[in-house]
Amino acid sequence: MKLFDVYPLFNIEIVKGKGCHVWDGEGTEYLDLYGGHAVISVGHSHPTYVAAITDQVNKLGFYSNSVINSLQQKLADKLGKASGYDDYSLFLINSGAEANENALKLASFHNGKKRVIAFKHAFHGRTSAAVRVTDNPKIIAPVNEDLAVTYLPLNDAAAVEAELQKGDVSSVIIEGIQGVGGIQLPTDDFMKELRALCTKYEACLILDEIQSGYGRSGKFFAHQYADIKPDLITVAKGIGNGFPMSGLLISPMFKPVYGMLGTTFGGNHLACAAAIAVLDIMENEKLVDNAAKVGEFLIEELHKLPGIKEVRGRGLMIGIEFEESIKEVRSKLLFEEKVFTGVAGTNTIRLLPPLCLTMDEAKEFLARFKKVLNA
């Protein structure tokens, strides 16, 4: 059996990782400034994380949600405290797309409406409703097209209000910072207006913090820069440091009913052990503060480099946009300077390193990046 060929692959196999470094099968070491699509939050192979998963799987890896799993409540308590959302509820699932699916569904259950407002260049996942609210027609199959979605320009509050006035909008979904869209930031004022408009027109505000959350922006959630509270918040990626897991934070205004949401694997024992370890490490090593400090340094230094059109981001979620294609720059970074980075579109390099990136590692990246730019 062949693998279904939908991923363009670098001819590299990563076999080991530690902190912000990974090694390929030939023993070559790389500086990891991408964290596997922003998934690695506390660093590769953190000993506390490894011990927690090992201990749990030695006892029990999985049982169903038909019995009590006290690890779920332990995780909810820690996440509520870390994020400042103690009064919200938590529903645990497996992937970012699944979190967004459940958020969209819960909003529609709540107000009985059907249409969704999303934003141009948004990415929310690849499953049924999540892919429909993603602004990329190439990945929306005909079977996904029935959900009514309106895509609006980011940071245009007047356009949002014009649609909300029609009275049929169930929810507005927005990323804390657009990731695939090129590290585009909603302004704080726009986020405040969005919150007020959703309240006024009885639409649910969904914050997709899958890539921008879990400390990456220098706050636990990127939307907290605007000092707002959405109705629903989706998290994934960094929640499990590589273990497949996601969650939906749910405002007290939503009332649970048996059977309205469900999952087989969500919130399993092994996933919860991983997620609890992540929050413990983040707290003990002050990784949110580190993301803010090291990210600010990187952004400041990147602004000084020649040939760059724009640097955008917050914390350790950074976009470096060039006038021309970055294919050659990224390739040289990887194959000559041994640095993993990401990409958005054709002209933007994305930096999404583990939150434990040190100042020395940031300086090392800058030195290697300068070599590529000056070549």
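- Here the side chains of Glu337 and Phe365 are not in contact, with every heavy-atom distance at 4.5 Å or above.
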* Just do the side chain to side chain contact (heavy atoms under 4.5 Å, CB included) check on Glu29 and Lys338 with the steps written out, would you? => CA-CA 7 Å; Glu29 180 179 351; Lys338 310 304 178 189; over 6 Å; no
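- Remark: the backbone N or O of Gly267 is paired with a side-chain donor or acceptor of Gln72 at under 3.5 angstrom.
- Counting non-hydrogen atoms of other residues, nucleotides and ligands closer than 6.0 Å to NZ of Lys74 gives a total of 12 or fewer.
- The backbone N or O of Leu79 lies less than 3.5 Å from a partner atom in the side chain of Ser83, making a donor-acceptor pair.
- Within the structure, side chain to side chain donor-acceptor pair (under 3.5 Å) contacts touching residues 281-299 (residues at least two apart or in different chains) are His46-Glu285.
- With values rounded to the nearest 0.5 angstrom, Ile177 atom CD1 is found 6.5 Å from Arg314 atom CZ.
- Qualifying ring-ring contact (aromatic ring centres under 6.0 Å, His included) partners for Phe243, counting only residues two or more places apart in sequence or in other chains: none.
- The shortest heavy-atom contact between Ala344 and Gly182 is CB-CA, 3.5 Å.
- Considering only heavy atoms from C-beta on, Glu336 stays 4.5 Å or farther from Val372 through its side chain.
- The heavy-atom pair separating Leu334 from Tyr30 by the smallest distance is O-CE2, 3.8 Å.
- The shortest distance between side-chain heavy atoms of His110 and Met253 falls below 4.5 Å.
- Distance alone, capped at 3.5 Å, is enough to place a donor-acceptor pair between the Thr199 side chain and the Arg195 backbone.
- Between Gly240 and Ala274, the shortest heavy-atom distance links the atoms O-CB, 4.2 Å.
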* Could you check Asn102 against Glu98 for side-chain hydrogen bond (donor to acceptor under 3.5 Å, both in side chains), going step by step and ending with a plain yes or no? => CA-CA 6 Å; Asn102 281 279; Glu98 199 175 341; 4.7 Å; no
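- To the nearest 0.5 Å, atom CD1 of residue Ile233 and atom CD1 of residue Ile206 are 11.0 Å apart.
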List the atom pairs, donor and acceptor, that lie under 3.5 Å between side-chain atoms in residues 120-127 and the rest of the protein, sequence neighbours left out.
| from | atom 1 | to | atom 2 | distance (Å) |
| --- | --- | --- | --- | --- |
| His124 | ND1 | Asp208 | OD2 | 2.7 |
| Thr127 | OG1 | Glu101 | OE2 | 2.8 |

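- In this structure, Tyr225 contributes its side chain and Ser217 its backbone to a donor-acceptor pair below 3.5 Å.
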* Dump the intermediate steps for side chain to side chain contact (heavy atoms under 4.5 Å, CB included) on Met282 and Phe220, then the final yes or no. => CA-CA 10 Å; Met282 287 177 67; Phe220 198 89; 4.0 Å; yes
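- Taking the side chain as every heavy atom from C-beta outward, Leu164 and Lys200 never approach each other to under 4.5 Å.
- Contact record, Leu279 with Ala82: CD2-CB, 4.2 Å, taken as the closest heavy-atom pair.
- Side-chain N or O atoms of Arg330 include one that pairs as donor or acceptor with a backbone N or O of Thr341 at under 3.5 Å.
- Sorted by first and then second residue, the side chain to side chain donor-acceptor pair (under 3.5 Å) pairs involving residues 129-145 (not counting sequence neighbours) are Arg132-Tyr151.
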* side chain to side chain contact (heavy atoms under 4.5 Å, CB included) between Val311 and Ile318, worked out -> CA-CA 7 Å; Val311 179; Ile318 300 169; 4.1 Å; yes
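- Taking the side chain as every heavy atom from C-beta outward, Ser41 and Lys237 never approach each other to under 4.5 Å.
- Contact detail for Asn65 and Thr263: the closest heavy-atom pair is ND2-O, 3.4 Å.
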* To do: Could you walk me through whether Ile250 and Leu90 pass side chain to side chain contact (heavy atoms under 4.5 Å, CB included), step by step?
  => CA-CA 6 Å; Ile250 303 166; Leu90 178 63; over 6 Å; no
Under 3.5 Å, sequence neighbours excluded: what are the donor-acceptor pairs made by side chains of residues 346-354?
| from | atom 1 | to | atom 2 | distance (Å) |
| --- | --- | --- | --- | --- |
| Asn347 | ND2 | Phe322 | O | 3.2 |
| Asn347 | ND2 | Glu323 | O | 2.8 |
| Arg350 | NE | Val343 | O | 3.1 |
| Arg350 | NH1 | Gln211 | OE1 | 3.0 |
| Arg350 | NH2 | Tyr34 | OH | 3.1 |
| Arg350 | NH2 | Val343 | O | 3.2 |

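- Asp168 places none of its side-chain heavy atoms less than 4.5 Å from the side chain of Lys114.
- Between the Gln224 side chain and the Ile228 main chain, no donor and acceptor come within less than 3.5 Å of each other.
- A 4.5 Å side-chain heavy-atom check between Phe119 and Pro153 finds every atom pair outside the cut-off.
- With sequence neighbours left out, Glu202 forms a salt bridge (charged side-chain N to carboxylate O under 4.0 Å, His left out) with no residue at all.
- For the pair Thr54 (side chain) and Val50 (backbone), a donor-acceptor distance under 3.5 Å is present.
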For a quick test of your reading: what N or O donor-acceptor pairs under 3.5 Å do the side chains of residues 299-308 make, sequence neighbours left out?
| from | atom 1 | to | atom 2 | distance (Å) |
| --- | --- | --- | --- | --- |
| Glu301 | OE2 | Lys304 | NZ | 2.9 |
| His303 | ND1 | Ile299 | O | 3.0 |

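- Salt-bridge check for Lys59 with Asp55: passed, with a basic side-chain N closer than 4.0 Å to an acidic carboxylate O.
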Quick one: side chains of residues 1-20, donor-acceptor pairs under 3.5 Å with protein atoms, not counting sequence neighbours, listed by atom name and distance.
none

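- In this structure, the side chain of Arg115 does not engage the main chain of Thr150 through any donor-acceptor pair within 3.5 Å.
- Residue pairs meeting the salt bridge (charged side-chain N to carboxylate O under 4.0 Å, His left out) criterion with at least one member in residues 213-230, sequence neighbours excluded, are Asp87-Lys229.
- Residues in residues 170-179 take part in these side chain to side chain donor-acceptor pair (under 3.5 Å) pairs, two or more places apart or across chains: Asn111-Ser170.
- Remark: Ala236 pairs with Ile210, Ser246 by the side-chain contact (heavy atoms from CB on, under 4.5 Å) rule, at least two apart or across chains.
- Each of Ile117, Leu154, Val160 was scored for a side-chain contact (heavy atoms from CB on, under 4.5 Å) with Ile174, with one residue passing: Leu154.
- Atoms NE2 and CD1, from His269 and Ile53 in turn, are 15.0 Å apart once rounded to the nearest 0.5 Å.
- With side-chain heavy atoms closer than 4.5 Å counting as contact, directly or through intermediates, the hydrophobic cluster containing Phe265 also holds Phe62.
- With ring centers used as reference points, Phe254 lies 6.0 Å or more from Phe91.
- Between the side chain of Asn241 and the backbone N or O of Tyr49, no donor-acceptor pair lies under 3.5 Å.
- In plain terms, the two heavy atoms of Ile276 and Leu71 that are nearest each other are CD1-O, 3.7 Å.
- Within 6.0 Å of the CD atom in Glu328, the count of heavy atoms belonging to other residues, nucleotides or ligands does not exceed 12.
- Residue-environment remark: OH (Tyr63) stays at or below the threshold of 12 foreign heavy atoms within 6.0 Å.
- No side-chain heavy atom of Val288 sits under 4.5 Å from any side-chain heavy atom of Leu355.
- The aromatic rings of His223 and Phe221 sit parallel to each other, their planes meeting at less than 30°, with 60° as the upper class boundary.
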